[in-house]
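Right, one structure below, let's go through it.
Start at 1 and go down the list; that is how both ligands and their atoms are numbered. Values below: all heavy atoms of this structure, side chains included; hydrogens, waters and symmetry mates excluded.
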Amino acid sequence: MPDAKIATLLALDEDRTPFGAMAPAIYQTSLFTFENYEDMAAAFAGTSDHFIYSRGRNPTVELFEHKVAEMEGTEAAKAFASGMGAISSAILSQVASGDRVVCVRNVYPDTYKLLTQFLPRFGVQTTFVDGTDTDAVIRALEGARVLYLENPTSLTFDLQDVRALTTAARQLGVVTVLDNSWATPVYQRPISLGVDLVVHSASKYFSGHSDVVAGVAAGSAAHVAKLSSLEYAVLGAKLSPFDAWLLVRGLRTLPLRLAQHHRNALRVAAFLEGQSKVARVRYPAAADHAQHDLFDQQFSGGSGLLSFEVREDLADAVPAFANALRVFHLGVSWGGYESLVYPAAIGYSSPGATNSVRDFVVPRTLVRLHVGLEDVDDLITDLSKGFAALEGGG
Ligand SMILES: *Cc1c(COP(=O)(O)O)cnc(C)c1O
């Protein structure tokens, strides 16, 4: 069900569009000028909200930030050039040398890289814990500075009991950051579950059309001001006005798109459950998923991203499955109109010292699907052709 309240607030651009324009303006400008010395001095002193320079603030970008903050039910948001820009700034804004982060296993690969390759250079260590084991996460929190959640996790779609974890984190003075890219605020409201900072890859459902790479971090005015004044400003991962404009355009259909992704994904998950060549389906919105009760407590719907594991004896035939698909395209990312397939075995071939797929032992038999907005019967026909090509032996 689309969230009616979110759908309504996304339509309102009220005072932010001059000349009565229905669509927002794109303020494609690097700098903003001042009438006089006093006005400029006031902007620098922070006593006026006059725009100064677009690496700091820009009206089109602020429109996107305003809408995300409203959707997440919080005070403020800061937009970034990518999801990783938002994630790295959010974490960096909370840690100093000697601090420890607690992070769930099966987190997004580049978030894993940030925590295992980048932050240790500055004396920040991370403990990885199975997020489905609430007690284990809470035990790891003692003495930590940040709890990093991704609900559900990448590739495996495991859920965390967010309310239980944030309650424990608060008592220990640990700041909680949650990646909400999969559900979006339409289906999961982390702030209402006690999370301090919500981060997003806006490249996914916020954009919705596979044409933007962007990110955003949302939270209290104090948390967002902290990361805006330092990490955002000095690392420079700003969002362009044009990308912000595309995002505002994409957001308007977010509740509608998600409702259809949810319907299509439920049909695809049920189809996969009926396949003798499938060992396991990982879609927490499906009624027979092991964590479905927790899903029902925390989410009001599911998105179009899910995975399944083929039987062990068919592992070598995953390439034949992927190559037989015509409507599903081989590709990374997700959240746009089109259906996509990504076999986890491909991730094993990435070079480098850290490889999250290998380190988290993601099954080589796992295949991720983004169930798009095409006709669902055509999607199922396409997958049937894939399963026909999925033969063991050899
Ligand atoms: C894609 C993704 C990211 C990274 O976002 P970018 O916009 O590609 O930088 C982070 N978290 C999750 C869950 C993602 O799927």
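When each atom of ligand 1 is checked for a heavy atom of Asp179 under 4.0 Å away, the hits are 10 (C), 11 (N), 12 (C), 13 (C). The distance from ligand 1 to the heavy atoms of Trp334 drops below 4.0 Å at these ligand atoms: 15 (O). Every atom of ligand 1 with a heavy atom of Ile87 under 4.0 Å away is listed here by number and element: 10 (C). Residue Ser203 approaches ligand 1 through these ligand atoms, each under 4.0 Å from one of its heavy atoms: 6 (P), 7 (O).
Looking only at atom types and distance, the side chain of Asn151 has a donor-acceptor partner in the side chain of Gln188 under 3.5 Å away.
Contact annotation: Ala214 has at least one heavy atom less than 4.0 Å from an atom of ligand 1.
Looking at Ser154 next to ligand 1, no N or O pair under 3.5 Å apart turns up. Remark: ligand 1 and Met84 share an N or O pair separated by less than 3.5 Å (distance only, no angle test).
Given atom 6 (P) of ligand 1, the protein heavy atom at minimum distance is Gly83 N, 3.3 Å. Scanning the protein heavy atoms around atom 4 (C) of ligand 1, the nearest turns out to be Tyr108 CE2, 3.4 Å.
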side-chain contact (heavy atoms from CB on, under 4.5 Å) for Ser48 and Phe34? Distances and angles first, verdict last. CA-CA 12 Å; Ser48 92; Phe34 298 87; 5.7 Å; no

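With salt bridges taken as basic N to acidic carboxylate O contacts below 4.0 Å, none links Asp158 and Arg105. Classification of Glu391 and Lys277 as a salt-bridged pair holds, one side-chain N sitting under 4.0 Å from a carboxylate O. Using a cutoff of 4.0 Å between basic side-chain nitrogens and carboxylate oxygens, Arg267 and Asp377 are scored as salt-bridged.
Taking the six-membered ring for Trp and the full ring otherwise, the centers of Tyr283 and Phe308 sit at least 6.0 Å from each other.
Taking all heavy atoms of Glu150, Lys204, His200 into account, the minimum distance to atom 14 (C) of ligand 1 is reached by Lys204.
Relative to the ring axis of Phe51, Arg57 places its NZ or CZ within 45° and under 6.0 Å from the centre.
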